[in-house]
Amino acid sequence: MTGGRKTSDGLRVLVTESDLRKTVSRLAEALNRDYAGKQPVLVGVLKGGFVFLADLVRQLSFPAEIDFIQVASYAAGTESTGSLRLLSGLHTDIRGRDVLVVEDIVDSGLTLSYLLRYLRRRRPASLRVCALLTKETGVPLPLTIDYLGLTIPDVFAVGYGLDHAEHYRQLPDLRVLEV
Ligand code: IMP
Ligand code: MG
């Protein structure tokens, strides 16, 4: 992981665009190996996962179907509220399908376990997780991230789809929000 440089908005760069590109390529290579000859349903987790998913799918060599799911897990602050609510469910019938969840970041793992429960009830043939980021201090739950990009320190990251109170999603790299 590189970084340290401060941008004009005063935020420190945590992961550069170039390192994000390399990470996404590495994940796509692994998926291309494992899903060759298959047609999985990729479930993007809104909103934070939209940039990662968009970059990832353009490097996939198998025909993937895309759907989205949205849960509310965090309030406007940087701490988990602990309560989760489904804002928008799937529109695809995933029974008997290979399903891959595409998440921006897994922190406590609460969101992911909630999502996996929701998806498992719909009886997919297989269910795996691809997450761009996790935190050093996170994921105490018994969860497997099948495809993991990078582990970041316990900071609040913004950019590349990740927000703080709906700001910063459009930044091309990941930065640290000092709170
Ligand atoms: P978890 O339920 O604690 O694993 O949190 C997962 C969700 O919280 C992610 O999908 C993000 O939307 C959000 N989140 C967790 N950490 C960060 C962060 O550092 N920056 C922005 N969003 C975060
Ligand atoms: Mg998210």
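As the structure is a computational prediction, the values presented were derived from the model and not from experiment. Both counts, for ligands and for their atoms, begin at 1 and track the order of listing.
Each of the atoms 21 (C) of ligand 1 lies under 4.0 Å from some heavy atom of Asp163. Counting the atoms of ligand 1 from 1 in the order shown, those under 4.0 Å from a heavy atom of Leu110 are 2 (O), 4 (O). Against a heavy-atom cut-off of under 4.0 Å, Lys135 is close to the following atoms of ligand 1: 16 (N), 17 (C), 18 (C), 19 (O).
Within the 4.0 Å heavy-atom criterion, the part of Glu103 lying near ligand 1 is the side chain and not the backbone. Only the side chain of Asp104 comes within 4.0 Å of ligand 1, judged by heavy-atom distances. Contacts between Asp107 and ligand 1 below 4.0 angstrom, taking non-hydrogen atoms only, involve backbone and side chain alike. Residue-level proximity to ligand 1 for Val155 is carried by the backbone, the only part with a heavy atom below 4.0 angstrom.
By the 4.0 Å heavy-atom criterion, Ile105 is counted among the residues contacting ligand 1. Using a 4.0 angstrom heavy-atom cutoff, Leu177 does not count as in contact with ligand 1. No heavy atom of His164 sits closer than 4.0 Å to any atom of ligand 1. In this structure, Ile152 falls outside the shell of residues with a heavy atom less than 4.0 angstrom from ligand 1.
Pairs passing the ring pair (Phe, Tyr, Trp, His ring centres under 6.0 Å) check and including a residue from residues 30-56, sequence neighbours excluded, read Tyr35-Phe62.
When atom types are taken as modelled, the side chain of Lys135 and the backbone of Val155 share a donor-acceptor pair closer than 3.5 angstrom.
Among all heavy-atom pairs drawn from Ala28 and Leu56, the shortest one is N-CD1, 4.0 Å. When every heavy atom of Asn32 is checked against every heavy atom of Ser61, the shortest pair comes out as OD1-N, 2.8 Å. Looking at every heavy atom in both residues, Leu100 comes nearest to Leu31 through CD2-CD2, 3.7 Å.
Put simply, Val99 and Leu86 are part of the same group of oily side chains (I, L, V, M, F, W, Y) that touch within less than 4.5 Å, one to the next.
Every residue meeting the salt bridge (charged side-chain N to carboxylate O under 4.0 Å, His left out) condition with Arg58, not counting sequence neighbours, appears here in chain and number order: Asp55.
Side-chain contact check for Leu174 versus Leu150: every heavy-atom pair is 4.5 Å or farther apart. Side-chain contact check for Leu14 versus Arg175: every heavy-atom pair is 4.5 Å or farther apart.
Of the candidates Gly161, Ser108, Gly48, the one placing a heavy atom closest to atom 3 (O) of ligand 1 is Ser108.
Taking only nitrogen or oxygen atoms, main chain and side chain alike, Phe156 does not reach within less than 3.5 Å of ligand 1. Below 3.5 Å of separation, one finds no N or O of Leu112 facing any N or O of ligand 1.
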